[in-house]
Novice: 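Before I ask anything, here is the structure I am working with.
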Amino acid sequence: MNIMGKNAESKASGAREYLTFRLGDEEYGIDILKVQEIRGYEQPTRIANAPEFIKGVVNLRGTIVPIVDMRLKFNCSSVEYNSFTVVIILNLRNRVVGIVVDSVSDVMELAPEAIRPAPDIESAIDNGCILGLGSVGDRMLILLDIEKQMSNVDMGLVAPVE
């Protein structure tokens, strides 16, 4: 089957593609259509009085991009910068934002029936920002509504949907 046929088949079945990444021991997924690019981590320029999880800003080809360390935002136990640390550049409602993650895994296609509702529990992640839990074999992905996460009151990086 050619790629065009596979894409048409995926769209017809309602399957969506997610970029998967790791934060600590957990694996997350975000809609691939929100991803602009993936870059190696470089130290951003710190902004005074910004919350700790906003590491600063970088200049990306003339665009000033705020960088959010998702490990700090989600209260991961250890935050270590190494050769696997990457920044996922997102394009969210015409706003460019970068998120720091431990590593990027791959792109996965999930059919709607492979996604279960998220349990209603207290966590560092607002439950409204979790689309559900995706399962692929023995892997469990926490699927994030990254646009909603970035428009939360404490983040304020993307204007909320009216």
Novice: Could you tell me the separation between the CD1 atom of I47 and the CD1 atom of I67, rounded to the nearest 0.5 Å?
Specialist: 11.0 Å
Novice: Would you call E26 and R71 a salt bridge, using N to O less than 4.0 angstrom?
Specialist: no
Novice: I would like to know whether V101 and V86 meet side-chain contact (heavy atoms from CB on, under 4.5 Å); could you show each step before the answer?
Specialist: CA-CA 6 Å; V101 299; V86 295; 3.5 Å; yes
Novice: Just so I know, are the side chains of M150 and R95 near enough to count as touching, which here means a heavy-atom distance under 4.5 Å?
Specialist: no
Novice: Can you find a heavy atom in the side chain of L133 that is under 4.5 Å from one in the side chain of I142?
Specialist: yes
Novice: With a 4.5 Å heavy-atom cut-off, do F21 and D106 have their side chains touching?
Specialist: no
Novice: Restricting to non-hydrogen atoms, name the atom on R46 and the atom on I54 that form the minimum distance, rounded to 0.1 Å.
Specialist: NH1-O, 2.5 Å
Novice: Is it the case that the side chains of D69 and Y81 hold a donor-acceptor pair, with the cut-off being a distance below 3.5 Å and no angle test?
Specialist: yes
Novice: Could you tell me which non-hydrogen atom of L60 sits nearest to which non-hydrogen atom of V65, and how far apart they are?
Specialist: CB-CG2, 3.8 Å
Novice: Does atom CZ of F84 have more than 12 heavy-atom neighbours, drawn from other residues, nucleotides or ligands, at distances under 6.0 Å?
Specialist: no
Novice: Does N94 have more than 12 heavy atoms from other residues, nucleotides or ligands lying within 6.0 Å of its CG?
Specialist: no
Novice: Measuring only between side-chain heavy atoms, which start at C-beta, is V35 closer than 4.5 Å to L90?
Specialist: yes
Novice: Any chance you could measure I30, atom CD1, to L141, atom CG, to the nearest 0.5 Å?
Specialist: 11.5 Å
Novice: Measuring only between side-chain heavy atoms, which start at C-beta, is P44 closer than 4.5 Å to V57?
Specialist: no
Novice: To the closest 0.5 Å, what do you measure between CD (E147) and CG (N91)?
Specialist: 9.0 Å
Novice: Can you measure from CG (D102) to OH (Y28) and round to the nearest 0.5 angstrom?
Specialist: 10.0 Å
Novice: About how many Å separate CD of Q149 and CD1 of I130, when rounded to the nearest 0.5 Å?
Specialist: 8.5 Å
Novice: How far apart are the closest heavy atoms of G24 and C76, and which atoms are they?
Specialist: N-SG, 4.5 Å
Novice: Working to the nearest 0.5 Å, report the span between NZ of K73 and CD of E52.
Specialist: 11.5 Å
Novice: Taking the side chain as everything from C-beta on, heavy atoms only, tell me whether R116 gets closer than 4.5 Å to S135.
Specialist: no
Novice: Are E109 and R16 close enough for a salt bridge, meaning some N to O gap below 4.0 Å?
Specialist: no
Novice: Ion pair present between K34 and D145, side-chain N to carboxylate O less than 4.0 angstrom?
Specialist: no
Novice: Below 4.5 Å, heavy atoms only, C-beta onward: do I38 and I89 meet side chain to side chain?
Specialist: no
Novice: Do the non-hydrogen side-chain atoms of V96 and Q36 ever get within less than 4.5 Å of each other?
Specialist: yes
Novice: Report the C-alpha distance between V87 and K55 in whole Å, list the side-chain angles of each, state the deciding distance to 0.1 Å, and finish with yes or no for side-chain contact (heavy atoms from CB on, under 4.5 Å).
Specialist: CA-CA 11 Å; V87 177; K55 297 303 291 178; over 6 Å; no
Novice: Determine whether L143 and I115 satisfy the following criterion, side-chain contact (heavy atoms from CB on, under 4.5 Å), listing intermediate values before the conclusion.
Specialist: CA-CA 9 Å; L143 302 177; I115 300 172; 3.7 Å; yes
Novice: With hydrophobic residues grouped by side-chain heavy-atom distances under 4.5 Å, do I146 and L33 end up in a single group?
Specialist: yes
Novice: Show the numbers, then the answer: is there a side-chain contact (heavy atoms from CB on, under 4.5 Å) between V79 and F53?
Specialist: CA-CA 11 Å; V79 176; F53 57 84; over 6 Å; no
